[in-house]
Number of protein chains: 2
Amino acid sequence: MAPSLKESSTKPGKRNNRMHLGTALISVDLVVFRLHDEQLQILTRKKTTPSGSALVLPSGRIEPDHDDSLDATAKRLLSYATNHSPSYLEQVVTIGDSNRDSRGWSLTVVYYGLLNGNEADYSDDSQWLNVTAGKTAAPLAYDHESLVQEAWLRLKNKVQYSSVPIYLLPDEFVLSDIKKVFSAILEKSPPMRSIRNRFLKGGLLIDTGRLRRGSNRPATLYTANRAAETCLFNRLYLSTQE
Amino acid sequence: MAPSLKESSTKPGKRNNRMHLGTALISVDLVVFRLHDEQLQILTRKKTTPSGSALVLPSGRIEPDHDDSLDATAKRLLSYATNHSPSYLEQVVTIGDSNRDSRGWSLTVVYYGLLNGNEADYSDDSQWLNVTAGKTAAPLAYDHESLVQEAWLRLKNKVQYSSVPIYLLPDEFVLSDIKKVFSAILEKSPPMRSIRNRFLKGGLLIDTGRLRRGSNRPATLYTANRAAETCLFNRLYLSTQE
DNA sequence: GCAATAGTGTCTCTTAGACACTATGGT
DNA sequence: ACCATAGTGTCTAAGAGACACTATTGC
């Protein structure tokens, strides 16, 4: 009864007649980011077609009987790929035109999600792809690369003036981990000084009292202060012309 | 042949069966802002129903045969209401759930547009409504008030760190007009000093050489520098906690 | 001791924002 | 002269960003 995930990718063929009276082929596509070994990555799925295999974004359709809202659809689709619920989920844009799907007019609501770095299980056919400067390390099917590009742009912007960097980190982290988030996304990072001021003065971090030890001076471990209301900062790299 | 605008508002009735295989009732709703007498206003349409009349946002359906993209749909819908093309148009959000339309699952792509203050013709059944602090001066039908709220929030944010304020002004304007834009949207304004620095140093304005005269010292008239790439600023009122 | 990373002190530059001041028109 | 609005000079506070410095661990 419920539409299956696979249906978002049936083979081409003119079926414009399905689109009438304000209805269209609708799908929800997810760009799920994580940080892994100081590399920004997105979650993709290996899809096997008669003509070979390709990488696609997790996506699917609205299930009107189960999804109360578009956000619910996005969350449900994400749960198919991982048992990990996202620390952050945001709608990026809705794209609709007659080009992106050969079947005719189609409409996609694009979300991006951030996973914190805690361990999690992922479905077997999932694959993580490095993302550098908004480009994926391997090609994606359909227009999915441009969707990644858009989501990445949004992330890149938001990272510079909000508290999102900490959503990519595990429950406990160290200040230099935040620096790594900046580096992974912007390919550069503000100095520790600026990061400290921003996140500590903003009250976004809670000192756990514990330390991370290594072959050097131990670093204090922090947790995200979930009580802190979303706070905004001056955008980074404004004076230095980026 | 082409679906008419009116169809976005046929009377309620359970028609869930139309929603299948990833299709749903889709509409595009517009929140069109303008500045009039130093007041922020939105464009609404008087809709007469059997049970009286109500105010609604301009909205309609995608016409797959005419609209190349969602943006095209938004522009087409706007052209029905005014001969004035918007100086700025941006997608705000897509809302989909089972509550907002009594017919079942529905989906709306919300855009907001800015009209510059030049004179224009508007359709006869259109009506401008003051918007103060995101609230419309008169109630709107459906969930349209909340759509206005969302669009207004976006506008309010953007006004603080981008060049959008000038998109609400006519072709030629004066620095204090920019101040009025801030006041209309934020209910306060940075001092002239800050506005001058921001917009002039940013190269966003071109001195026309002409002056606006009144019963006081004349003010220099500027035009928006359309060549200037979209530039970003530090957000206003960050230190003063808004 | 040394290497390595954590974290601080402090300076410069830019911008926001306040506010008093001057400038220039009309009447 | 006086009013009204345009526009400037200049100061303060805060943050970004640079960078040299100190701190604390393992080895």
Side-chain angles (χ1 to χ4, degrees), chain A residues 38 157 159-163 165 169 172-183 186-222 231-242, chain B residues 38 157 159-163 165 169 172-183 186-222 231-242:
Chain A
E38 311 193 11
N157 276 323
V159 130
Q160 291 178 71
Y161 64 82
S162 78
S163 50
L169 294 174
E172 293 197 339
F173 55 88
V174 140
L175 278 177
S176 60
D177 290 336
I178 303 182
K179 201 166 158 58
K180 288 172 185 166
V181 175
F182 281 112
S183 298
L186 305 175
E187 294 177 287
K188 65 184 162 184
S189 169
M192 279 291 295
R193 224 310 146 251
S194 303
I195 293 175
R196 290 186 71 83
N197 286 344
R198 179 169 278 215
F199 287 88
L200 283 176
K201 281 193 189 169
L204 296 174
L205 304 180
I206 298 172
D207 189 334
T208 62
R210 254 163 298 124
L211 298 173
R212 174 178 299 172
R213 310 193 150 270
S215 67
N216 45 36
R217 173 174 172 178
T220 71
L221 278 164
Y222 294 95
C231 75
L232 299 172
F233 306 104
N234 278 323
R235 190 182 202 80
L236 295 169
Y237 304 114
L238 258 187
S239 23
T240 56
Q241 246 56 293
E242 190 129 0
Chain B
E38 311 192 10
N157 276 322
V159 129
Q160 291 177 70
Y161 64 82
S162 78
S163 51
L169 294 173
E172 293 197 337
F173 54 89
V174 139
L175 279 176
S176 61
D177 290 335
I178 302 182
K179 201 167 158 60
K180 286 172 186 165
V181 175
F182 281 111
S183 299
L186 305 175
E187 294 177 289
K188 67 183 161 185
S189 169
M192 280 289 297
R193 221 322 139 239
S194 303
I195 294 174
R196 290 187 71 83
N197 286 343
R198 179 168 278 214
F199 288 88
L200 283 177
K201 282 193 189 170
L204 296 173
L205 305 181
I206 298 171
D207 189 335
T208 63
R210 255 162 297 124
L211 298 174
R212 174 177 298 170
R213 309 193 152 270
S215 64
N216 46 36
R217 172 173 173 179
T220 72
L221 279 164
Y222 293 96
C231 76
L232 299 172
F233 306 103
N234 277 322
R235 192 185 200 80
L236 296 169
Y237 304 115
L238 259 186
S239 24
T240 57
Q241 246 57 293
E242 190 132 0

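Labels below follow one simple rule: chain letters A, B, ... track the order of the sequence lines, proteins then strands, and each chain is numbered from 1.
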Residues in side chain to side chain donor-acceptor pair (under 3.5 Å) with B:Thr220, at least two apart?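 With sequence neighbours excluded, B:Thr220 shows a side chain to side chain donor-acceptor pair (under 3.5 Å) to B:Tyr222, given in chain and number order.
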
Among all residues two or more places apart in sequence or in another chain, which pass the side chain to side chain donor-acceptor pair (under 3.5 Å) test with A:Asn197?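 With neighbours one apart ignored, the set is empty.
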
Between protein and nucleotides 25-27 of chain C, what N or O pairs are separated by less than 3.5 Å?
from: C:dG25; atom 1: N2; to: B:Ser215; atom 2: O; distance (Å): 3.1

Quick one: side chain to side chain contact (heavy atoms under 4.5 Å, CB included) partners of A:Ser194, sequence neighbours excluded?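 Listed in chain order: A:Pro190, A:Pro191.
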
Under the side chain to side chain contact (heavy atoms under 4.5 Å, CB included) test, residues paired with B:Phe233 that sit two or more places apart: B:Arg198, B:Leu204, B:Cys231

For B:Glu38, salt bridge (charged side-chain N to carboxylate O under 4.0 Å, His left out) partners two or more places apart: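 Counting only residues at least two positions away or on another chain, B:Glu38 forms a salt bridge (charged side-chain N to carboxylate O under 4.0 Å, His left out) with B:Lys180.
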
So how far is it from [X] [atom1] to [Y] [atom2], rounded to the nearest 0.5 Å?
X        : Y        : atom1 : atom2 : value
B:Leu186 : B:Asn157 : CG    : CG    : 9.5 Å
B:Leu232 : A:Tyr161 : CG    : OH    : 9.5 Å
A:Arg235 : B:Leu238 : CZ    : CG    : 12.0 Å

Go through residues 192-210 of chain A and report each residue with a non-hydrogen atom lying under 4.0 Å from DNA chain C, sorted by number. A:Arg193, A:Arg196

Any side-chain heavy atom of B:Val174 sitting closer than 4.5 Å to one from B:Leu221? yes

Nearest-angstrom distance from the residue atom [atom1] of [X] to [atom2] of [N]:
X        : N      : atom1 : atom2 : value
B:Leu232 : C:dT15 : CG    : C1'   : 15 Å
A:Arg212 : C:dG7  : CZ    : P     : 10 Å
B:Leu186 : C:dG17 : CG    : P     : 10 Å
A:Leu221 : C:dG7  : CG    : C1'   : 15 Å

Residue pairs involving residues 202-218 of chain A (criterion side-chain hydrogen bond (donor to acceptor under 3.5 Å, both in side chains); sequence neighbours excluded): A:Glu172-A:Arg210, A:Asp177-A:Arg212

Which residues in residues 175-183 of chain A have a heavy atom closer than 4.0 Å to any atom of DNA chain D?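 Nucleic-acid contacts, sorted: none.
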
